[in-house]
Amino acid sequence: MIRTGLIGLGKMGISHCAILGAHPDVELAGICDASKFHLMALEKYSPFPCYSDFRKMLAEARLDCLFIATPTRLHAEMAHSAMDLGLHLFLEKPLCLNMAEGRALVEKARAKGVITQVGYHNRFIGTFSEVRRLLQKGVLGEVYHFLGEAYGPVVLHGKGKTWRSNQAEGGGCLFDYATHVINLLNFYFGMPRRVGGTVLQSVYSQGVDDAVYSTLFYDNGLSGQISVNWSDESHRKMSTQITILGKLGKLVCDAQELRIYLNKDNPEEGLRQGWNFKWLTGLSPEVAFHLRGEEYSAQVDHFIQCVKAGRPDPINPIESALETNAVVELLQNDSQDRG
């Protein structure tokens, strides 16, 4: 059994708590949160040891690994404390709020030899992972352009003071929404060389952005756009879509369906000229526990199996999350330069 601790009982923390509590290889040996209400409920209705001070939990719970699902500004301090004890680490996204913090975390993880993973769950969705496989197989030929989109109804009117409205807490569409799209695009194409025409637009919020628009440019001539807006009430929940254009065709992918158009047959992949369709149900491996989609359980199980085997995470290590932060910095600087 992997003795696991969890810090943070917000939406994602509660989700991780449910998944970890049901995992056959995990003993949830400590849960920490600043909310007395949350802790009282868990102490009453769960068997998990509860703490209000994460340092006390780290000192007493004899953990093998730690999940951190707190506001982003708290990630660095907690992660360093955990890695100083040699604990393997799962961090909710984004990794941190600036590159200096991120580089320090990567250096510490390498020095301590700990296994790391960051919670960019799109890499564990069957349709999106199939896109990467098809690109590696060269199904579209030379890729020359893409569009990465995400829309949702998070901020639809002026809100009071919450972490989402505070950039210092990790609020804003860029950090909370657009990083998912950026991370997925890095998964497919690597880091862009530069960005241009970046707009970080406030719609209803004050002090943070509600929409992100930009063009990304790569050394091999590839270019693409991102369009992300969390103030779009035409969507019931966050909806992410990737469109990729190549010389042999194009594909359009979301979390449920992958559509592939080819200008000639591809017998190796069993794809015909014209439109081909693949669905999530045929692309996702079974998981033992479903909560808000199989991808959340899949990423947690992947991390636990990496810890059990003592092998680095090949899909979502801390280094890949730092690359996501590097693109965020490019977008921020470009937006400021445009003034």
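Since the model is a prediction, treat every value here as computed from it, not as a measurement. Side-chain atoms are counted along with the backbone in the values below, which use heavy atoms only and exclude waters and symmetry mates.
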Practice task
Please tell me if the side chains of Val118 and Asn316 come closer than 4.5 Å, counting only heavy atoms from C-beta onward.
Solution key: no
Handout entry: Salt-bridge present (Glu130, Arg133; N to O < 4.0 Å)
Key = yes
Practice task
Indicate, with yes or no, if Val106 and Tyr120 share a hydrophobic cluster defined by side-chain heavy-atom contacts under 4.5 Å among Ile, Leu, Val, Met, Phe, Trp and Tyr.
Solution key: yes
Exercise for the section: Would you confirm whether His75, through its side chain, and Thr70, through its main-chain N or O, come within 3.5 Å as a donor-acceptor pair? Expected result: yes
Problem - Sidechain-backbone polar pair: Arg3 side chain, Ala29 backbone, donor-acceptor under 3.5 Å - result: no
Problem - Co-membership, hydrophobic cluster, residues Met238 and Val228, 4.5 Å side-chain - result: yes
Exercise for the section: Would you check if Met57 and Leu66 make a side-chain contact, meaning some heavy-atom pair closer than 4.5 Å? Expected result: yes
Practice task
Would you please classify the geometry between the Phe67 ring and the Phe90 ring as parallel, tilted or perpendicular, with 30° and 60° separating the classes?
Solution key: parallel
Exercise for the section: Answer yes or no on whether Arg193 is positioned over the face of Phe217, meaning its NZ or CZ is under 6.0 Å from the six-membered ring centre and within 45° of the axis. Expected result: no
Practice task
Could you verify whether a donor N or O on one side chain and an acceptor N or O on the other, from Thr198 and Ser335, lie under 3.5 Å apart?
Solution key: no
Problem - For Asn122 against Phe128, the heavy-atom pair lying closest together - result: O-CB, 3.5 Å
Exercise for the section: Check whether any side-chain heavy atom of Glu329 lies under 4.5 Å from a side-chain heavy atom of Asn98, and answer yes or no. Expected result: no
Handout entry: Side chain Arg123, main chain Asn183, donor-acceptor under 3.5 Å
Key = yes
Exercise for the section: Assign the ring pair His121 / Tyr296 to parallel, tilted or perpendicular, where the plane angle (0 to 90°) is split at 30° and 60°. Expected result: tilted
Practice task
Evaluate the side-chain proximity of Ile242 to Leu185: yes if any heavy-atom separation is below 4.5 Å, no if none is.
Solution key: yes
Handout entry: Close side-chain approach of Thr127 to Gln256, heavy-atom, < 4.5 Å
Key = no
Practice task
Give, for atom CD of Glu323 and atom CG of Asn325, the distance between the pair rounded to the nearest 0.5 Å.
Solution key: 10.5 Å
Practice task
Indicate yes or no: at least one non-hydrogen side-chain atom of Asp25 is less than 4.5 angstrom from one of Gln305.
Solution key: yes
Exercise for the section: Under 4.5 Å between side-chain heavy atoms, chaining through other members, with only Ile, Leu, Val, Met, Phe, Trp and Tyr counted: pull out the rest of the cluster around Phe277, sorted by chain and number. Expected result: Tyr261, Trp275, Trp279
Problem - Flag, side chain of Lys93 to backbone of Asp176, donor-acceptor distance under 3.5 Å - result: yes
Handout entry: Test item: Asp313 side-chain N/O and Gln117 main-chain N/O as donor-acceptor pair under 3.5 Å
Key = no
Practice task
Mark yes or no for whether Ser52, through its side chain, and Ala34, through its backbone, hold a donor-acceptor pair below 3.5 Å.
Solution key: no
Problem - Over 12 non-hydrogen atoms of neighbours within 6.0 angstrom of CZ in Arg236 - result: no
Exercise for the section: Say whether His145 and Gln225, considering side chains only, have a donor N or O and an acceptor N or O under 3.5 Å apart. Expected result: yes
Problem - Heavy-atom side-chain contact between Cys65 and Ile2 under 4.5 Å - result: yes
Handout entry: Donor-acceptor pair between His23 and Asp301 side chains, under 3.5 angstrom
Key = yes
Exercise for the section: Determine whether the side chains of Glu142 and Tyr144 contain a donor N or O and an acceptor N or O closer than 3.5 Å. Expected result: no
Fill in the blank from the handout: Given the options Ser227, Ser234, Ser239, Tyr151 meets side chain to side chain donor-acceptor pair (under 3.5 Å) only with Ser227
Practice task
Answer whether the closest heavy-atom distance between the side chains of Leu74 and Phe54 falls below 4.5 Å.
Solution key: no
Practice task
Flag yes if more than 12 heavy atoms outside Met40 fall under 6.0 Å of its CE atom; otherwise flag no.
Solution key: no
Problem - Pair Arg55 + Glu77: basic N to acidic O under 4.0 Å - result: yes
Problem - Heavy-atom neighbours of Arg272 CZ exceed 12 at 6.0 Å - result: no
Handout entry: Test item: Asn266 side-chain N/O and Lys264 main-chain N/O as donor-acceptor pair under 3.5 Å
Key = no
